[in-house]
Amino acid sequence: MTTMLMLQVKGISCMAERLQNEEDSFQTGLYNNKSEFLWSSTGGSLVRQSMQETIVTLLTAAGRGALAVIAVQGLSAIVAAERFFVPRGHASLRDRVDGALAYGRWGGERGEQLLIVRRSVESLEIHCHGGLAACEAIVRDLESIGCQRIAWQERRSVSIHGSSRIEAEALHAISKAGGIHAAKILAWQLSGALEKEIQSIVALLQDSLQVVENDLDLVRARLNQLLESSHVGCRLVTPWRIVLSGEVNVGKSSLMNAMAGYSRSIVSEQPGTTRDLVEMRVVFDGWEFDVCDTAGERLTSRVGISSVEKEGIERATTAVANADLVLRVIDSKTFSTQEFLQMEFASGQLIAVSKIDLDQEQGENLRILQESYPKKNSKVVCTSATSGAGITELIGAIVSACVPLPPRIGSPVVFTNRQLELISKAASQLPTNVEEAIGTLREVL
Ligand SMILES: Nc1nc2c(ncn2[C@@H]2O[C@H](COP(=O)(O)OP(=O)(O)OP(=O)(O)O)[C@@H](O)[C@H]2O)c(=O)[nH]1
Ligand SMILES: [Mg+2]
């Protein structure tokens, strides 16, 4: 059984924890109002001062690296490390300033030599030998006194003392972000862009509670803008899914390889070469995408079609149905202008005319036709996987189709489904239930 007490004495916070264990123990720690550690005292034989809230994470990759870094974070970070750390010289960790390095040994005078960086009163980094056994021993020591071991990916999702939910979500998302834009946008949210916007909307709503004549339209416009931002925000960790589709042998796999810059998918002159879905994760212009090559379309009722090819075509159909963007590939050599004119264009469809190196004239014809197609909100790009013509343009078209309006620098962006659901709920509670909307928005923070 754990009891935790927080006391406020003349601007000084006193945190005390009582643990029921084999031996009853009691320890207090004093922090000033800036959370700086002042003093700690043990009133029993076993100390577990809020250890469970102190997390230990191995930040470096497993392996025999020269150095490893272990982060210790939480109210008891210093108390925990001091149980094992014997500094060289007299100054203990708690007496050092933030940012100071402390050299010493772990586990006594004959223990492993290491370096501790005191980041703050709640955060330390232990720099030790990179071997797995050395790191494991340190992490286990800290676990043995109650600290919680958390994998580096999970560490991001834990709301560390004092940080908001959005901040914890941003840290978690940053550890998974693949492209530079995703990392930047999430860093803005980590710095408080979304949090400030929501706080400002809440303040506006609170004002509107007092002033009878209120301007809720402005609030709704700002909420709608946030909801809009989720189109990009919610894809920062789960990339857009682009599916290449088209008839057999039109050059889908070749285009996939040309965009990848390496031979990801098998190419051959044999129609029906690709059978299964072939996927790759790529970064185009700083944005991350999952691109999927599929089996070429042909009649599944055709005599002699194998069950494997049939299954491949069914998988392709499902992939197309679940795609964020379908890249329809048509062969300039075999696709007639007539067929092109009769083709059904889905709204926002992206069409790649392939192999223009083989038929310049037809490529040109389709290019001229293409000029009339933007009216249908679709885009046609002439390409050659062999010569590389149009590949950069094709990549640019994919990026523009998925991210037509990238967020402005430093702007608030909704980036998790939890945030999206709560903000949508708040928007639906307006204009009638202003107080409920305030409550819902506070839940986001
Ligand atoms: N000259 C030329 N040939 C190409 C080009 N793109 C593809 N090809 C050739 O067209 C044939 C089919 O290419 P693939 O990329 O395998 O076509 P696919 O659409 O993936 O075919 P399936 O997997 O069978 O549906 C191969 O012989 C390629 O070398 C191109 O841009 N120019
Ligand atoms: Mg193929």
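Here the structure is a predicted model, which means the values were calculated and not measured. Atoms within a ligand are numbered from 1 in the order they appear, just like the ligands themselves.
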Heteroatom proximity flag, Val248 to ligand 1, N/O under 3.5 Å: no
Angle subtended at the Mg ion (ligand 2) by Thr274 OG1 and Ser253 OG, rounded to 10 degrees: 90°
Sub-4.5 Å side-chain heavy-atom contact between Leu67 and Thr60: no
From the candidates Gly296, Ser245, Ser268, Gly251, the one that places a heavy atom nearest atom 11 (C) of ligand 1: Ser268
Mode of Leu358 contact toward ligand 1 - side chain, backbone, both, neither (heavy atoms, under 4.0 Å): side chain
Distance filter under 4.0 Å to Asn249 heavy atoms, resulting ligand 1 atoms: 11 (C), 12 (C), 17 (O), 18 (P), 19 (O), 21 (O), 22 (P), 24 (O), 25 (O)
Derivation of the side-chain hydrogen bond (donor to acceptor under 3.5 Å, both in side chains) call for Ser336 and Glu339: CA-CA 5 Å; Ser336 69; Glu339 279 177 290; 3.3 Å; yes
Which residue and heavy atom of the protein sit nearest atom 31 (O) of ligand 1, plus the separation: Ala385 N, 2.8 Å
Gln270 touching ligand 1 at heavy-atom level, < 4.0 angstrom: yes
Pairing of Glu309 and Arg298 as salt bridge, 4.0 angstrom limit: yes
Atom 29 (O) of ligand 1: the protein heavy-atom neighbour that sits closest, reported with distance to 0.1 Å: Val267 CG1, 3.8 Å
Sub-4.0 Å atoms of ligand 1 with respect to non-hydrogen atoms of Asp357: 1 (N), 2 (C), 30 (C), 31 (O), 32 (N)
Passing option when Ile126 is tested against Ile116, Leu58, Leu115 for side chain to side chain contact (heavy atoms under 4.5 Å, CB included): Ile116
Identity of the nearest option to atom 7 (C) of ligand 1, non-hydrogen atoms only, from Gly272, Gly388, Ser253, Ser254: Ser254
Closest approach of any protein heavy atom to atom 3 (N) of ligand 1, naming residue and atom: Thr386 OG1, 3.7 Å
Heavy atoms of other groups near Arg222 CZ, more than 12 under 6.0 Å: yes
Donor-acceptor under 3.5 Å (Gln189 side chain, Ser411 main chain): yes
Under 3.5 Å: N/O of Thr294 near N/O of ligand 1: no
Location of contacts on Val250 toward ligand 1, heavy atoms closer than 4.0 Å: both
For atom 8 (N) of ligand 1, closest protein heavy-atom neighbour: Lys355 CE, 3.7 Å
Step-by-step salt bridge (charged side-chain N to carboxylate O under 4.0 Å, His left out) determination, Asp98 to Arg118: CA-CA 5 Å; Asp98 290 350; Arg118 179 185 149 142; 2.8 Å; yes
Ligand 1 contact on Pro271 by region, counting heavy-atom pairs under 4.0 Å: backbone
Any N/O pair Lys252/ligand 1 closer than 3.5 Å: yes
Residue pair Trp287 / Pro406, side-chain heavy-atom distance below 4.5 Å: yes
Donor-acceptor contact present, side-chain Thr54 to main-chain Ser76, <3.5 Å: yes
Arg83/Asp141 under salt bridge (charged side-chain N to carboxylate O under 4.0 Å, His left out): CA gap, chis, key distance, verdict: CA-CA 9 Å; Arg83 286 297 210 80; Asp141 280 345; over 6 Å; no
